[in-house]
Amino acid sequence: MENTDGTSWLLDAPDRKVPFELGIVVEAARAQSHRYRVVDRSEIYDGFRLQNAKDLLRYVGHNVPLGDRVRILSVLDEHGPLSLADCLRAVRETQPVPALASLILQGLLEVELDEALIGPETMVRRIRA
């Protein structure tokens with residue numbers, strides 16, 4: 001991982017106890033100009049982010065027709081952030097949930113992944129390139 005300040009990190013996210021000597025890994029990372037940290041299990045499994053990511057990734061291969069993409073982006077341009085339920089109404093050519101999930105994964109739309117499970121009241125925002 002690279003921080004916005006340019007710091008390069010090696011992160012280890014084991015499910016169980018780390019099976020090696022951490023000092024050796026820290027020194028090896030430092031020798032290559034990286035910092036090293038073991039990510040706590042709670043950072044991965046507590047909260048809503050992991051479940052929301054799993055829910056979205058299910059739709060990674062979904063193709064959103066041009067008409068639906070343009071309609072959704074236009075609605076968000078006109079009204080600003082809207083609830084997921086409101087955005088679903090703009091989809092006409094394909095299944096609404098897969099279409100929105102795909103646009104989120106493509107980086108065209110944004111939703112908050114940490115506050116709660118994605119639901120009808122989740123706010124959707126357009127990402128401008």
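One is the number of the first residue; the rest follow in order along the sequence.
The closest side-chain donor-acceptor pair between Ser74 and Glu78, if any, does not fall under 3.5 angstrom.
Arg92 is linked by a side chain to side chain donor-acceptor pair (under 3.5 Å) to nothing, counting only residues two or more places apart in sequence or in another chain. Partners of Asp86 according to the side chain to side chain donor-acceptor pair (under 3.5 Å) rule, which considers only residues two or more places apart in sequence or in another chain, are Ser83, Arg89. Every residue meeting the salt bridge (charged side-chain N to carboxylate O under 4.0 Å, His left out) condition with Arg30, not counting sequence neighbours, appears here in chain and number order: Glu27.
Nearest heavy-atom pair, Ser8 versus Ser33, reported as atom, atom and distance to 0.1 Å: CB-O, 4.1 Å. The heavy-atom pair separating Val64 from Ala99 by the smallest distance is CG2-O, 3.5 Å.
Sorted by first and then second residue, the salt bridge (charged side-chain N to carboxylate O under 4.0 Å, His left out) pairs with a member in residues 67-76 read Asp68-Arg71, Arg71-Glu93; sequence neighbours excluded.
Considering Leu100, Asn52, Ile104 in turn, Ile104 is the only one that fulfils the side chain to side chain contact (heavy atoms under 4.5 Å, CB included) rule with Val111.
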Would you mind writing out the side-chain donor-acceptor pairs for residues 56-63 within the sub-3.5 Å range, not counting sequence neighbours?
from, atom 1, to, atom 2, distance (Å)
His62, NE2, Thr94, OG1, 3.2

Using residues 119-129 as the side-chain source, report each donor-acceptor pair under 3.5 Å to any protein atom, sequence neighbours left out, with the distance given to one decimal.
from, atom 1, to, atom 2, distance (Å)
Thr122, OG1, Gly119, N, 2.8
Thr122, OG1, Gly119, O, 3.1
Arg125, NH1, Met123, O, 3.4
Arg126, NH1, Asp77, OD1, 2.8
Arg126, NH1, Asp77, OD2, 2.5
Arg128, NH2, Asp77, OD1, 2.3

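Without hydrogens or angle criteria, Asn3 side chain to Asp5 main chain gives no donor-acceptor distance under 3.5 Å. Using a distance-only test at 3.5 Å, with no hydrogens or angles considered, no donor-acceptor pair links the side chain of Gln32 to the main chain of His34.
Heavy atoms of other residues, nucleotides or ligands lying less than 6.0 angstrom from CZ of Arg35 number 12 at most. Counting heavy-atom neighbours within 6.0 Å of Glu115 CD, excluding the residue itself, gives a total of 12 or less.
Taking 4.5 Å as the limit, every side-chain heavy atom of Leu113 sits out of range of all side-chain heavy atoms of Phe48.
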